**Q** 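I am attaching a structure below and will ask some questions about it afterwards.
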Amino acid sequence: MHRLRLLHAASLEEALATSRKSARRRANFNVHPTLDDPIQRMLNIFQPGSYVRPHRHDPDRFELFIRLAGEASAVIFDESGRPTQWAVLGPRGDWAVEVPGGAWHTVFALAPDAVLFEVKPGPYRPLVEKDFAPWAPQEGTPEAAEVLKSWELRVRTNAPTR
């Protein structure tokens with residue numbers, strides 16, 4: 001017998017609470033049943049101050065982010081680390097963005113409790129050092145906090161390029 005898989009509000013509230021307490025200022029909630037699932041589906045929850053080191057995936061591995069709550073930004077960079085495209089996911093911006101495979105990118109919160117639903121090809125592959133941009137500061141460093149603040153300032157003071 002087929003049954004609906006229900007995802008309860010309590011799961012989302014728990015993930016939100018985890019993101020607020022996390023040193024990394026983010027949390028995820030996997031919707032896909034196993035890490036080897038051919039389609040990875042998850043909630044990514046970001047709080048302001050969460051730095052996702054710019055990285056890229058294999059050319060055939062896109063990422064689709066759909067905004068469910070809050071406000072976030074996605075950025076694509078060129079090979080030297082210069083931002084080339086910005087998107088604002090929020091009530092006054094876009095509702096979704098797809099990052100093409102092979103593109104250097106990051107995502108960050110512009111407001112508390114930014115909830116993005118992410119879809120990407122599986123199976124899950126953890127990022128390794130070669131996947132991270134060599135020009136991007138390591139997570140948890142003062143330089144990472146500075147660059148994140150500069151990105152946030154740019155989004156807030158300039159119209160993002162599309």
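It should be emphasised that the depicted structure is a prediction, and the values quoted were computed from it without experimental measurement. Note: hydrogens, waters and symmetry copies are ignored here, and every other heavy atom, side chains too, is used.
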**Q** Could you tell me whether the side chain of Ser19 and the main chain of Phe46 form a donor-acceptor pair under 3.5 Å?
**A**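 No; judged by distance alone, with no hydrogens or angles, the pair does not exist.
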**Q** Within the distance-only criterion (no hydrogens, no angle test), does the side chain of Asn30 pair as donor or acceptor with the backbone N or O of His32 below 3.5 angstrom?
**A**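 Not a single qualifying donor-acceptor pair exists.
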**Q** Would you say that more than 12 heavy atoms from the other residues, nucleotides or ligands in this model lie under 6.0 Å from the CZ of Arg5, or not?
**A**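 Atom CZ in Arg5 is crowded, with more than 12 foreign heavy atoms closer than 6.0 Å.
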**Q** For Leu127, does the CG atom sit with more than 12 other heavy atoms under 6.0 Å from it, leaving out its own atoms?
**A**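 For Leu127, atom CG is crowded (more than 12 foreign heavy atoms under 6.0 Å).
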**Q** Could Lys120 and Glu63 be called an ion pair, given the rule that one side-chain N must be under 4.0 Å from one carboxylate O?
**A**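 A salt bridge links Lys120 with Glu63.
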**Q** Determine yes or no for a side-chain-to-main-chain donor-acceptor pair under 3.5 angstrom, with Arg3 supplying the side chain and Met1 the backbone.
**A**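 Between the backbone of Met1 and the side chain of Arg3 there is no qualifying donor-acceptor contact (under 3.5 Å).
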**Q** Taking C-beta and beyond as the side chain, do Trp151 and Val155 meet within less than 4.5 Å on heavy atoms?
**A**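 No, side chains not in contact.
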**Q** Given 3.5 Å as the limit, does a donor-acceptor pair link the side chain of His55 with the main chain of Thr106, or not?
**A**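 Flag not set: sc His55 to bb Thr106 has no pair under 3.5 Å.
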**Q** Check whether any side-chain heavy atom of Glu13 sits under 4.5 Å from a side-chain heavy atom of His8, and report yes or no.
**A**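 Glu13 vs His8: side chains apart.
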**Q** Would you call Leu148 and Glu152 a side-chain contact if the rule is heavy atoms closer than 4.5 Å?
**A**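 Yes, side chains in contact.
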**Q** With a 4.5 Å cut-off on side-chain heavy-atom distances among I, L, V, M, F, W and Y, is there a chain of contacts connecting Phe132 to Val107?
**A**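 Looking at the clustering, Val107 is in a separate group from Phe132.
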**Q** Say you draw a straight line from CG of Leu6 to OG of Ser11; how long is it, rounded to the nearest 0.5 Å?
**A**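 Here the interatomic distance stands at 10.5 Å.
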**Q** How are the rings of Trp135 and Trp104 set to each other: parallel, tilted or perpendicular (split at 30° and 60°)?
**A**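 If you compare the ring of Trp135 with that of Trp104, the planes turn out perpendicular.
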**Q** So, for Ala87 and Ser73, which heavy atoms are closest and what is the spacing to 0.1 Å?
**A**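 Ala87 and Ser73 have their closest heavy atoms at O-OG, 2.9 Å.
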**Q** Looking at Glu71 and Ala109, would you say the former's side chain and the latter's main chain have a donor-acceptor pair under 3.5 Å?
**A**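 Side chain of Glu71 to backbone of Ala109, a donor-acceptor pair under 3.5 Å: no, none is there.
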**Q** For the CG atom of Leu64 and the CG atom of Leu116, what is their distance to the nearest 0.5 Å?
**A**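 Leu64 CG to Leu116 CG: 10.0 Å, rounded to 0.5 Å.
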**Q** Is any side-chain heavy atom of Asp113 less than 4.5 Å from a side-chain heavy atom of Gln47?
**A**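 The answer is yes, as the side chains (C-beta and beyond) meet within the 4.5 Å cut-off.
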**Q** Under a 3.5 Å distance rule, please check whether Asp58 uses its side chain to pair with a backbone N or O of Asp60 as donor and acceptor.
**A**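 No.
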**Q** Using a strict threshold of under 4.0 Å (side-chain N to carboxylate O), is an ion pair present between Asp131 and Arg125?
**A**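 Salt bridge: no.
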**Q** Working to the nearest 0.5 angstrom, can you tell me the gap between Thr18 OG1 and Arg25 CZ?
**A**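 If we round to the nearest 0.5 Å, Thr18:OG1 and Arg25:CZ are 12.0 Å apart.
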**Q** Would you say Phe77 and Val99 are hydrophobically clustered, going by side-chain heavy atoms of ILVMFWY under 4.5 Å?
**A**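 No, it is not one cluster - the side chains of Phe77 and Val99 are not joined through contacts under 4.5 Å.
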**Q** Restricting to non-hydrogen atoms, name the atom on Gln40 and the atom on Leu35 that form the minimum distance, rounded to 0.1 Å.
**A**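 The answer is NE2-O, 3.3 Å.
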**Q** On a heavy-atom basis, which atom in Pro91 and which in Gly70 lie closest, and how many Å separate them?
**A**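 Looks like CD-O, 3.9 Å.
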**Q** Between the main-chain N or O of Glu139 and the side-chain N or O of Arg53, is there a donor-acceptor pair closer than 3.5 Å?
**A**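 Such a contact is absent between Arg53 side chain and Glu139 backbone.
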**Q** Would you mind reporting whether Ile76 and Pro100 have side-chain heavy atoms less than 4.5 Å apart?
**A**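 Of all side-chain heavy-atom pairs linking Ile76 with Pro100, at least one is under 4.5 Å.
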**Q** May I ask you to decide if the ring planes of Phe108 and Trp86 are parallel, tilted or perpendicular, using 30° and 60° as cut-offs?
**A**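 It falls in the perpendicular class, over 60°.
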**Q** Can you hop from Val97 to Val88 via hydrophobic side chains spaced under 4.5 Å?
**A**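 No: no chain of side-chain contacts under 4.5 Å links Val97 to Val88.
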**Q** So if you build clusters from Ile, Leu, Val, Met, Phe, Trp, Tyr with side-chain heavy-atom gaps below 4.5 Å, do Leu12 and Val119 land together?
**A**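 Yes: a chain of side-chain contacts under 4.5 Å links Leu12 to Val119.
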**Q** Say you draw a straight line from CG of Leu89 to CG of Leu68; how long is it, rounded to the nearest 0.5 Å?
**A**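 Here the rounded value is 10.5 Å.
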**Q** If the threshold is 4.0 Å, N to carboxylate O, is there a salt bridge linking Asp94 and Arg67?
**A**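 No.
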**Q** Once you round to the nearest 0.5 Å, how far does CZ of Phe29 lie from CE of Met42?
**A**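 With rounding to 0.5 Å, CZ (Phe29) is 11.5 Å from CE (Met42).
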**Q** Salt bridge or not for Glu118 and Arg26, using N-O below 4.0 Å?
**A**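 Salt bridge between Glu118 and Arg26, a charged N being under 4.0 Å from a carboxylate O: no.
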**Q** Applying the 4.5 Å side-chain criterion to the ILVMFWY set and letting contacts propagate, would Phe62 and Phe65 be lumped into a single cluster?
**A**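 As far as the 4.5 Å side-chain criterion goes, Phe65 and Phe62 are not connected within one cluster.
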**Q** Using 0.5 Å steps for rounding, measure from the CD atom of Glu14 to the CD1 atom of Ile45.
**A**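 Between Glu14 CD and Ile45 CD1, I get 10.0 Å after rounding to 0.5 Å.
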